Amino acid sequence: MRWWKVLGLAAFAGVAATGVVIARAERRRRAYTPEQIRTRLRERHAEAVRRGSR
């Protein structure tokens, strides 16, 4: 019976760790201003067009 408890705690720790990783990524994503996002998208689009025209 004890190994069930260990397995349950390990699963709980895994779910918690996944939540932390997702929260960090979301916080990093939301740190950009709308103008920064537009600039990055325009740069990526220009790069894609350059690669596509070869």
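Small disclaimer: the values here were computed from a predicted structure and weren't measured.
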message: Any salt bridge linking Arg40 with Glu43? Criterion: basic side-chain nitrogen under 4.0 Å from a carboxylate oxygen.
response: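 No salt bridge links Arg40 with Glu43.
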task: Check step by step if side chain to side chain contact (heavy atoms under 4.5 Å, CB included) holds for Arg50 and Glu47.
output: CA-CA 5 Å; Arg50 277 194 300 271; Glu47 180 64 28; 2.6 Å; yes
- prompt: Under a 4.5 Å cut-off applied to non-hydrogen side-chain atoms, are Thr33 and Ile37 in contact?
  reply: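 Heavy-atom side-chain distance check fails, nothing below 4.5 Å.
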- request: With sequence neighbours left out, write down each residue that passes side chain to side chain contact (heavy atoms under 4.5 Å, CB included) with Arg38, or none if nothing qualifies.
  value: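 Counting only residues at least two positions away or on another chain, Arg38 forms a side chain to side chain contact (heavy atoms under 4.5 Å, CB included) with Pro34, Glu35, Arg42.
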List, one per line, each side-chain donor-acceptor pair under 3.5 Å for residues 12-26, sequence neighbours excluded.
unit_1, atom_1, unit_2, atom_2, d
Thr18, OG1, Gly14, O, 2.9
Glu26, OE2, Arg29, NH2, 2.7
Glu26, OE2, Arg30, NE, 2.5
Glu26, OE2, Arg30, NH2, 3.1

